[in-house]
Amino acid sequence: MRLVREDETGRREARIVELEAYGGPEDLASHARFGSTTRNRVMAGPPGIAYVYLVYGMYDCLNVVTEPDGRPSAVLIRAVEPLVGIERMRADRLTVDRRRRAARTGPGAAAAKRRLDATPDHRLATGPGLVAAAFGVDTAWTGIDLCDPGGPLRLERDPAAPLDTVSPERIAVGPRVGVAYAGEDWAGRPWRFSIAGHRSVSRPNPGSG
DNA sequence: ACAACGATCAACT
DNA sequence: GTTGATCGTTGTC
């Protein structure tokens with residue numbers, strides 16, 4: 001599927017190339033393990049809704065609620081390949097990089113700009129925090145319907161390809177990133193999926209089976 | 001009320 | 001391979 005943001009200022013579009021699945025209360029790596037809370041309450045609602053949260057006090061992460069109403073679950077979008085509106089993605093990336101260096105002016109901001117200028121288009125959104133940054137999405141977007149064809153942020157089917165275009169052997173499968181705290185059982189589950197060898201994937205993913 | 005901790009990223013060595 | 005930045009959420013007192 002493609003991630004699209006469209007409003008009066010323009011259109012951004014990118015191919016989703018990497019994601020992770022997070023299950024119900026029994027999944028010790030999922031925010032659903034806390035039960036329903038103020039932050040995660042949309043996880044237990046109907047599917048197709050955006051769940052955006054802040055990690056490490058710095059980065060926003062965009063999730064799509066998946067299973068039916070009443071079963072808390074979501075898929076984290078970890079990386080996308082920019083296709084349309086790339087300059088706007090760069091502009092919003094810089095805003096976020098600057099927030100990270102909020103206390104600094106001059107050298108810090110200039111260095112961030114130089115790094116971004118040196119980043120090729122296909123590496124603009126190679127990580128969940130970078131996906132949200134490139135699309136200008138933050139926690140205020142939680143709850144919006146990603147399946148509304150007229151919505152400002154939405155999922156669209158690739159116009160040139162049906163859903164099952166990526167054959168199973170082209171999908172790399174591996175453990176989810178950054179969830180060691182969940183214990184071996186849950187951290188070890190192969191619930192991270194990416195397009196094998198795709199240059200916009202956040203980092204190498206073992207086991208392309 | 002308060003302390004601890006992340007579904008990260010980039011700059012270090 | 002290691003570490004700092006930075007703050008809302010969660011669990012404890």
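A note on names: the letters A, B, ... follow the listed sequences, proteins ahead of strands, and every chain is numbered from 1.
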Given [options], the nucleotide with the shortest approach to the side chain of [X]:
| X | options | value |
| --- | --- | --- |
| A:Met58 | C:dA5, B:dT8, B:dA7 | C:dA5 |
| A:Tyr56 | B:dA7, B:dT8, C:dG8 | B:dT8 |
| A:Tyr59 | B:dA7, B:dA11, B:dC9 | B:dC9 |
| A:Tyr53 | B:dA10, C:dG8, B:dA7 | B:dA7 |
| A:Tyr22 | B:dA7, B:dA10, C:dA5 | B:dA7 |
| A:Pro128 | B:dA10, B:dC9, B:dA7 | B:dC9 |

The side chain to side chain donor-acceptor pair (under 3.5 Å) partners of A:Arg199 (sequence neighbours excluded) come to none
Report the secondary structure of DNA chain C in dot-bracket form, marking unpaired bases with a dot and bases paired to a different strand with |, and treating Watson-Crick or G-U pairs with both distances under 3.5 Å as paired. |||||.||||||.
Measure CG/A:Asp60 against P/B:dA7 and give the value in whole Å, please. 14 Å
Using whole Å, report how far CZ of A:Arg114 lies from C1' of B:dA10.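 Checked: the CZ to C1' distance equals 14 Å.
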Taking all atoms of both residues into account, what is the closest heavy-atom pair of A:Leu62 and A:Leu76, and its distance?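 Reported closest heavy-atom pair: O-CD1, 3.6 Å.
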Taking atom C1' in both C:dG8 and B:dA10, what distance in whole Å separates the two? 22 Å
A:Tyr53-A:His31 aromatic ring centre distance below 6.0 Å: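 Distance test on ring centres: under 6.0 Å, yes.
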May I ask you to verify if any side-chain N or O of A:Arg93 is less than 4.0 angstrom from the OP1 or OP2 atom of B:dC9? no
N-O pairing of A:Arg5 and A:Glu13 below 4.0 Å: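 A salt bridge is absent here (no side-chain N lies under 4.0 Å from a carboxylate O).
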Nucleotide N/O of nucleotides 10-13 of chain C paired with protein N/O under 3.5 Å:
from   : atom 1 : to      : atom 2 : distance (Å)
C:dT10 : OP1    : A:Thr37 : OG1    : 2.5

